[in-house]
Number of protein chains: 2
Amino acid sequence: MATVKDVAKLAGVGSGTVSRYISGTGSVSRKSAEKIARAIEQLNYRPNSMARSLSSRRSDLIGVWVPSLEGPYYHMMIRTIESALRLHGKHMILANAEDAQSNEDRLAHLDYLINRDCDGILISSSLQSEFELATYAEKFPNLVVINHHTDELAGRSFSIDHDLGGRLAARHLLELGHTRVATITGRLSAQDARQRHHAFLDEMAKLGHPVPPKRIIEGAFSYAGGEQAVAALLATDADYSAVFCGNDKVAMVLIAELHKRGISVPGDVSVIGYDDVEFTPFTAPALSTIHAPIEEMSQSACHQLLNLTYGLDLPYQEHFEPSLSVRQSTGP
Amino acid sequence: MATVKDVAKLAGVGSGTVSRYISGTGSVSRKSAEKIARAIEQLNYRPNSMARSLSSRRSDLIGVWVPSLEGPYYHMMIRTIESALRLHGKHMILANAEDAQSNEDRLAHLDYLINRDCDGILISSSLQSEFELATYAEKFPNLVVINHHTDELAGRSFSIDHDLGGRLAARHLLELGHTRVATITGRLSAQDARQRHHAFLDEMAKLGHPVPPKRIIEGAFSYAGGEQAVAALLATDADYSAVFCGNDKVAMVLIAELHKRGISVPGDVSVIGYDDVEFTPFTAPALSTIHAPIEEMSQSACHQLLNLTYGLDLPYQEHFEPSLSVRQSTGP
DNA sequence: TCCAAAAGTGGGATCGGTTCCATTTTTGAA
DNA sequence: TTCAAAAATGGAACCGATCCCACTTTTGGA
């Protein structure tokens, strides 16, 4: 493999000039540029990325930490992030903490990224206590958090107004005439699950139809957690005509189980989800849900991270609003 | 940040000894080891990954090229790969060629990986003509292909017997008594789609029930492609009691559309998918499908790539067999 | 006790870029 | 034409590891 020195020699210039030519910084005369271009072509030269990184103290690597890769939610995020980073010539390295058993493990996954000398880090976490985010954020200025809001991380945390989302769900069900509703939440230790859940309950109560505890099931945002929660809900003798699920995965599981039992959606029971992931138009019936702008949020987080890390000036937005997306799984 | 030299000085040993201690290769006396350990602790030393890479001429980076990140199929692959690589201390960088418009673009995505000096490359491609795989594979000994078989890439291509898969689908439908079946295929330029499709047709014909052209729709393995193909199928006056879909995404779209039209599955029409992705237990009704061992295949490909690249000796298997997974979407 | 083999060691050369700086060349206004 | 400012240049120092090699110390069988 050819090196800058080879190129410099062939082009009859100094190595500094070649470096300046390649990076586009500093000035190079037209004549030199041409000679260098020809030499690069001739030698089929390609800069060595490790040498470049070592010398410039920048890896062009962005670490992305996710708590799980099950289901479409995080996938949509990853897909958006990969695309945004690639557009700017950066590379993503991924740490999926799904297999972590303890908080220590989760930290180890973060170290897996940090040890790689990432220029910046994206964390998608709604578990605020998970690790001392604030402490990390202090040590690591190029760290940005997706789907979690803290005042301490102003300008570096990107979030969706899940309070509004929960209320939109409540209002939609009430407008359709459902006064007896049940709900399956995610783990309430997670900020996003908690927010939408509390807002949902609050709005129901505020509008005169509080949800009694027997119609509240705490589940988790996974297929397995969904199955358990759905089973738990269907095992109660609670009486309801609509169910608000904390995310679309759980809603999908619920619809499948209701179908299996011959209960019609939305004929007998209306179901509304949350997130509006890829598959929502394709459940049977198509899932009414709260649309969370996951992709826009992810892209904004990426942009701001690139701004902080590389001094760019890409547009971004910190807060996003969800909206109601009515399909066929909810009815009067 | 502390360097090996700092550690060496504090521990009162040479830099070579520190390096040997850290890498675990070469010999270090117990006494030195203890002093070094203490110094590392004290200085909070962490090796610089770029310097290490430059010097050792190994990046510990594995590039992964995928044609798309829509839907669960590639995500399951990515998830498996990330996990296998992390277990061995390697990092994955990803290139999603979904946004590529031309063959040239797709090659550019591959260059995005190669320019990063990946130690090895994983390509998931069923489009054999996409780029000159054989040429690349020759230049790049540490390149491995998932879900594509070529004799030229013996020991480096990992595949599923989609011929068997297609036949299993045909036999299942026939055993249930469906003699008039329709099928929606993926793009037939893709090896995997072609194989399963041709095998399906062949088996149907062989067993006395050839599928006439009017009941064959060429679609694509995406939600949008599925929607189009489903619309095309339902627009014909073809008469059938079962549909074989080339993948689960398309099957999901079909079930949703049939539901919308009040056509019962499997009462009026049976539907069988292919792949057995994450969501198949949770469609309504749960999707009968051909189980393709995507995760096992991905892991094997990873293992063999690690073997080739780092001289490991991990177990792997080149060929996998699909199996029939009967759920509720198919019936008599 | 002796001594060859094995284990352990220090430090310099090296990987292939970037960056700095002193120096030379070019530019263009007076 | 003159000359200060701006542009362009070459090459050495540096980034922080690994690896090699010549050398010293330890080991254990005779």
Side-chain angles (χ1 to χ4, degrees), chain A residues 1-40 43-61 89 91 114-119 309-311, chain B residues 1-40 43-61 89-91 114-119 310-311:
Chain A
M1 203 73 228
T3 71
V4 258
K5 275 185 188 163
D6 300 326
V7 173
K9 193 180 294 174
L10 183 59
V13 301
S15 62
T17 309
V18 175
S19 180
R20 259 172 277 127
Y21 170 82
I22 289 169
S23 65
T25 65
S27 40
V28 174
S29 68
R30 173 174 295 281
K31 215 194 286 181
S32 298
E34 275 165 11
K35 286 189 291 184
I36 293 170
R38 225 173 303 130
I40 287 178
L43 294 169
N44 195 20
Y45 170 75
R46 204 171 44 71
N48 178 306
S49 72
M50 294 103 133
R52 185 203 288 266
S53 292
L54 175 60
S55 166
S56 65
R57 330 180 119 277
R58 105 171 4 184
S59 63
D60 289 327
L61 243 35
H91 292 263
I114 292 178
N115 286 338
R116 186 70 220 199
D117 296 304
C118 294
D119 292 337
T309 310
Y310 304 107
Chain B
M1 201 72 230
T3 71
V4 259
K5 274 186 187 161
D6 300 324
V7 174
K9 194 182 291 174
L10 183 60
V13 300
S15 62
T17 308
V18 176
S19 180
R20 259 174 277 127
Y21 170 83
I22 289 169
S23 65
T25 65
S27 40
V28 175
S29 68
R30 173 173 294 280
K31 216 193 287 182
S32 299
E34 275 165 11
K35 287 189 291 183
I36 293 170
R38 226 173 301 131
I40 286 177
L43 295 169
N44 196 19
Y45 170 74
R46 205 170 43 69
N48 178 305
S49 71
M50 294 103 133
R52 187 203 287 265
S53 293
L54 175 60
S55 171
S56 65
R57 330 180 119 278
R58 105 173 3 187
S59 63
D60 289 326
L61 243 35
K90 310 302 173 191
H91 292 263
I114 292 178
N115 286 338
R116 187 68 220 199
D117 296 305
C118 293
D119 292 338
Y310 303 107

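Residue numbering restarts at 1 for every chain, and letters A, B, ... go by the order of the sequence lines. All values reported here derive from a predicted model rather than from experimental measurement.
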N/O-N/O pairs, protein side and nucleotides 14-17 of chain D side, under 3.5 Å:
| residue | atom | partner | partner atom | Å |
| --- | --- | --- | --- | --- |
| dC15(D) | O3' | R57(A) | NH2 | 2.6 |
| dG16(D) | OP1 | R57(A) | NH2 | 2.7 |
| dA17(D) | OP1 | Y45(B) | OH | 3.2 |
| dA17(D) | OP1 | N48(B) | N | 2.9 |
| dA17(D) | OP2 | V4(B) | N | 2.6 |
| dA17(D) | O5' | Y45(B) | OH | 2.8 |
| dA17(D) | N3 | S55(B) | OG | 3.3 |

- Task: Can you measure from CG (N48(B)) to CZ (R116(A)) and round to the nearest 0.5 angstrom?
- Result: 10.0 Å
- Item | Between Y45(A) and D6(A), a side-chain donor and acceptor under 3.5 Å | no
- Could you tell me the separation between the CZ atom of R20(A) and the C1' atom of dG10(D), rounded to a whole number of Å? 8 Å
- Query: So L61(A) and D117(A), side-chain contact (heavy atoms from CB on, under 4.5 Å) or not? Walk me through it.
  - Reply: CA-CA 8 Å; L61(A) 243 35; D117(A) 296 304; over 6 Å; no
- Task: Start with the C-alpha distance between V18(A) and V13(A), add both sets of side-chain angles, then the distance that settles side-chain contact (heavy atoms from CB on, under 4.5 Å), and finish with yes or no.
- Result: CA-CA 7 Å; V18(A) 175; V13(A) 301; 3.8 Å; yes
- Message: Please list, in numerical order, the residues of residues 26-36 of chain B that have a heavy atom closer than 4.0 Å to any atom of DNA chain C.
- Response: S27(B), V28(B), S29(B), S32(B)
- Rounded to whole angstrom units, what separation is found between the CZ atom of R58(B) and the C1' atom of dC19(D)? 14 Å
- Query: Does S55(A) use its side chain to pair, donor to acceptor, with the backbone of A51(A) at less than 3.5 Å?
  - Reply: no
- Query: Under 3.5 Å, side chain of S53(B) to main-chain N/O of M50(A), donor-acceptor pair present?
  - Reply: no
- Query: Do any N or O atoms from the side chain of S56(A) and from the backbone of R52(A) form a donor-acceptor pair under 3.5 angstrom?
  - Reply: yes
- What residue among T17(A), I40(A), I22(A) forms side chain to side chain contact (heavy atoms under 4.5 Å, CB included) with V7(A)? I40(A)
